Trainee: 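Questions regarding the structure given below will be posed in turn.
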Amino acid sequence: MQMIKGITFAPFSRRGKLDTKAARASLRNLKKLTGANLIILVPNGLQETPQSETIARETQANATDEEFLSIIEYAHSLGLSVALKPTVNCMNGTWRAHISFFDKDVPCEPKWSNWFASYTAFQLHYAALAEKSGCEMFIAGCEMVMSEHRDAEWRKLISDIKEVYHGPVSYNTDKYQEDNVTWWDCVDVISSSGYYPVNDWENQLDRIERVVKKFNKPFFFAECGCMSTKGSFLVPNDWCIRGEAAPDEQASWYKAMFEACKKRPFVRGFCIWDWAAKQYPLSGAAANTGYEIYGKPALEVVHHYYKEMN
C-alpha cells in the first residue's frame, strides 16, 4: 500500500460549511503546507442516545451529498486522494464508543439488529457516494468500541459495502482496541486511532504489530493527534483537558510518534486530526490549545516527516 500522508479535513462539517470559498482556501493551504497526499472526510450521522436504534443523515449537522461531491472533486483537482469515513455521534454528547445494546434480544428494549440495519443504510449511502466520486478508500466508521464484538454483523456490513464500493475498505478502531477486533480478515486495510502517550509508543507498536502480522493486512493510523494544551502529550486522547497553550509539547508528541513509527515498516501512514474548513488567523495560533496544527511548531514537524516518507 502506498504510504498515506493524511489529514482529516473539516470533520463533522455542518450543512453549508464544507463547500465554501473558505474551505477551498483551507484545503489549498493543507496541500501547500503539510506535504499530505490524502484527506479523510467525515460525514456525520446522529442518533439521540447510545441506546437509540435510528441514525439520521439528513440533518443540519451534516454536509449535503452535493457538498461532499464538490469538495471531493476539488481535492482531486489539487492532487489529493480522498477517503470517506462516515461516523456516528450521539446527540446527547455521549462518545460513540459507548453505543451498545443487550446481546440477547429483550421485548420492548432497543436491539442490535435494528441499530445495525440503520448503521448499514448509513454506511451504504456513503459507500455509493464514494464509488460515484472515485474516492480512494472507504472507512466503515470510527471507534465503535462496544459494537466490535458483534462479529457476524460487522462481517455482513463489510460484505455489503464491497458490493457497492470497489476500492479498499477499512475500519477505524479506537486506541488500545486493535487486538480486540476479530474480523480484520474481512477488511482490506486495518486502521486505528493513534492517540498514545508520548512515552508509550514502543509498547503500543509492539502490540499492534502482532495484530498486523496475524492478519497480514496493511495498517495505518486513520486518526492521530495531540492538543497543544499543557499535559495533553501524556493523554492525547483526552479532548477535555484544559490549561495553558503548550505548542512545543504538541510538536514533541508528533516527533515521538514519527520517530517510533519510522522504525516499523508495517505502519503505512497517518491521518492527522484535524484541519478546519475555516482557519483561525495565524496571529492566534500560539494561543490555540486544540488539535489543529496550523501555524504551530507541530506543522513543521508533520511537513518534515511527510516530505521524507515514501
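Here the structure is a predicted model, which is why all the values come from computation and not from measurement.
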Trainee: Partners of Tyr171 by ring pair (Phe, Tyr, Trp, His ring centres under 6.0 Å), sequence neighbours excluded?
Mentor: Trp154, Trp183
Trainee: Is the shortest heavy-atom distance from the side chain of Ile99 to the side chain of Met144 under 4.5 Å?
Mentor: yes
Trainee: Looking at residues at least two apart in the chain, or sitting in another chain, which of them share a ring pair (Phe, Tyr, Trp, His ring centres under 6.0 Å) with Tyr254?
Mentor: none
Trainee: Taking C-beta and beyond as the side chain, do Phe68 and Asn62 meet within less than 4.5 Å on heavy atoms?
Mentor: yes
Trainee: Taking the side chain as everything from C-beta on, heavy atoms only, tell me whether Phe233 gets closer than 4.5 Å to Asn199.
Mentor: no
Trainee: Do Leu18 and Ser70 come close enough that some side-chain heavy atom pair is under 4.5 Å?
Mentor: no
Trainee: Classify the ring geometry of Trp112 against Phe116: parallel below 30°, tilted from 30° to 60°, perpendicular beyond 60°.
Mentor: tilted
Trainee: Would a single hydrophobic cluster contain both Met309 and Leu205, if residues Ile, Leu, Val, Met, Phe, Trp and Tyr are joined by side-chain heavy-atom contacts under 4.5 Å?
Mentor: yes
Trainee: Could you tell me the separation between the CD1 atom of Ile39 and the CD1 atom of Ile272, rounded to the nearest 0.5 Å?
Mentor: 14.0 Å
Trainee: Salt bridge or not for Glu143 and Arg96, using N-O below 4.0 Å?
Mentor: yes
Trainee: Could you report the tightest heavy-atom contact between Gly231 and Ile241, atom names first, then the distance?
Mentor: O-CD1, 4.2 Å
Trainee: Hey, can you tell me if Tyr294 and Trp275 have their rings parallel, tilted or perpendicular (30° and 60° cut-offs)?
Mentor: perpendicular
Trainee: Nearest 0.5 Å, what's the OG-CD1 distance between Ser77 and Ile72?
Mentor: 12.5 Å
Trainee: Is a salt bridge present between Lys230 and Glu249, judged by a nitrogen-to-oxygen distance below 4.0 Å?
Mentor: yes
Trainee: What's in the same ILVMFWY side-chain cluster as Val106, cut-off under 4.5 Å, chained through other members?
Mentor: Phe102
Trainee: Which value, rounded to the nearest 0.5 Å, describes the distance between Ile7 atom CD1 and Thr34 atom OG1?
Mentor: 4.5 Å
Trainee: Indicate, with yes or no, if Leu78 and Leu41 share a hydrophobic cluster defined by side-chain heavy-atom contacts under 4.5 Å among Ile, Leu, Val, Met, Phe, Trp and Tyr.
Mentor: yes
Trainee: Take atom CD of Glu202 as the centre, draw a 6.0 Å sphere, and report whether it contains more than 12 heavy atoms from other residues, nucleotides or ligands.
Mentor: yes
Trainee: Check Leu282 against Gly295 and note the closest heavy-atom contact, atom names and distance.
Mentor: CD2-CA, 3.6 Å
Trainee: Any heavy-atom pair between the side chains of Gln51 and Trp115 that's under 4.5 Å?
Mentor: no
Trainee: Does a donor on one side chain sit under 3.5 Å from an acceptor on the other, for Ser193 and Asn172?
Mentor: yes
Trainee: So does Arg264 pair up with Asp206, basic N to acidic O under 4.0 Å?
Mentor: yes
Trainee: Check Phe270, Trp253, Trp201 against Phe258 for a ring pair (Phe, Tyr, Trp, His ring centres under 6.0 Å) and give me the one that passes.
Mentor: Phe270
Trainee: Using a strict threshold of under 4.0 Å (side-chain N to carboxylate O), is an ion pair present between Asp179 and Arg210?
Mentor: no
Trainee: Taking the basic N atoms (NZ, or NE/NH1/NH2) and the acidic carboxylate oxygens, is any pair closer than 4.0 Å for Glu259 and Lys255?
Mentor: no
Trainee: Check whether Asp274 reaches the backbone of Thr8 with its side chain - one donor and one acceptor, N or O, closer than 3.5 Å.
Mentor: no
Trainee: Looking at CZ of Arg15 and OG1 of Thr59, how far apart are the two atoms once the value is rounded to the nearest 0.5 Å?
Mentor: 7.0 Å
Trainee: Would you compute the distance between atom NZ of Lys17 and atom CD1 of Ile71 and round it to the nearest 0.5 angstrom?
Mentor: 14.0 Å
Trainee: Do Leu27 and Leu80 come within less than 4.5 Å of each other through their side chains, counting heavy atoms only?
Mentor: yes
Trainee: With a 4.5 Å heavy-atom cut-off, do Lys162 and Asp188 have their side chains touching?
Mentor: yes
Trainee: With sequence neighbours left out, what residues match Glu308 under side chain to side chain contact (heavy atoms under 4.5 Å, CB included)?
Mentor: Lys262, His304, Tyr305
Trainee: Could I get the full list of salt bridge (Lys or Arg N to Asp or Glu O under 4.0 Å) partners for Asp248, not counting sequence neighbours?
Mentor: none
Trainee: With hydrophobic residues grouped by side-chain heavy-atom distances under 4.5 Å, do Leu69 and Val164 end up in a single group?
Mentor: yes
Trainee: Side-chain contact, heavy-atom cut-off 4.5 Å: Asn288 with Lys296?
Mentor: yes
Trainee: Roughly how far, to the nearest 0.5 Å, is SG of Cys186 from CD1 of Ile158?
Mentor: 5.0 Å
Trainee: Name the atoms and distances for all side-chain donor-acceptor pairs under 3.5 Å in residues 219-226, with sequence neighbours left out.
Mentor:
| from | atom 1 | to | atom 2 | distance (Å) |
| --- | --- | --- | --- | --- |
| Glu223 | OE1 | Tyr195 | OH | 2.6 |
| Glu223 | OE2 | Lys85 | NZ | 2.9 |

Trainee: Is any side-chain N of the basic residue among Asp185 and Lys217 closer than 4.0 Å to the acidic one's carboxylate O?
Mentor: no
Trainee: Judged by modelled atom types alone, do Asn29 and Gln279 share a side-chain donor-acceptor pair under 3.5 Å?
Mentor: yes
